[in-house]
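Below, all heavy atoms of this structure are taken into account, side chains as well, without hydrogens, waters or symmetry copies.
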Amino acid sequence: MSREKWWVVAGPNSDWSLEQRANGDHVVVNASTAEEHVLNGYQWMHVKHADAATGTPEHALKVLGEGPPPFGRWTELHGT
C-alpha cells in the first residue's frame with residue numbers, strides 16, 4: 001500500500017500559495033518575502049471540491065507525495 005498522500009498549501013491565511021505558470025511549472029510562492037520554489041517531480045491535480053477543514057478552495061492545486069514538499073506550509077488533504 002502506498003504511503004503517498006495529497007497535500008495542499010496550509011490555510012487561506014498562509015503567506016504561501018501554489019501557482020501554475022504559463023510555461024507549465026508549478027511554483028510555491030511566499031507573498032510576504034517573494035520567495036519562490038519550483039516543484040519538480042511531484043504529481044499534481046486540481047482539487048475537485050472545496051475543503052473547509054483545510055481552507056482549500058475548489059480548483060486549487062494539490063500535490064502527491066509521501067510527505068509535504070520541503071518549502072511552504074502544507075497540510076494533508078482528506079477530501080478530493
Salt bridge (charged side-chain N to carboxylate O under 4.0 Å, His left out): which pairs involve residues 24-34, sequence neighbours left out?
-> none

Is L61 close to H26 at the side-chain level, that is, under 4.5 Å between some pair of heavy atoms?
-> yes

Can you see which heavy atom on G72 is nearest to which on V28, and at what distance?
-> CA-CG1, 4.3 Å

Student check: side-chain heavy atoms of Y42 and L64 closer than 4.5 Å | no

Between A10 and S14 the two heavy atoms that sit nearest each other are O-CB, 2.8 Å

Considering only heavy atoms from C-beta outward, does the side chain of L18 approach that of W44 to under 4.5 Å?
-> no

Report yes if the side chains of V29 and S17 come closer than 4.5 Å at any heavy-atom pair, otherwise no.
-> yes

If you round to the nearest 0.5 Å, how far is CE of M45 from NE2 of H59?
-> 12.5 Å

Give the intermediate values and the outcome of side chain to side chain contact (heavy atoms under 4.5 Å, CB included) for residues D51 and L77.
-> CA-CA 8 Å; D51 181 44; L77 180 68; 3.5 Å; yes

With the side chain counted from C-beta on, respond yes when E76 and W7 share a heavy-atom pair under 4.5 Å apart, and no when they do not.
-> yes

Non-hydrogen atoms of H46 and K62 that approach each other most closely | O-CE, 4.0 Å

For P69 against V63, the heavy-atom pair lying closest together = CG-CG2, 3.9 Å

Salt bridge (Lys or Arg N to Asp or Glu O under 4.0 Å) against R21, all qualifying residues, sequence neighbours excluded = E19, E36

With F71, which residues qualify under ring pair (Phe, Tyr, Trp, His ring centres under 6.0 Å), at least two apart?
-> H37

Shortest non-hydrogen separation from W74 to L39 and the atoms involved | CH2-CD1, 4.2 Å

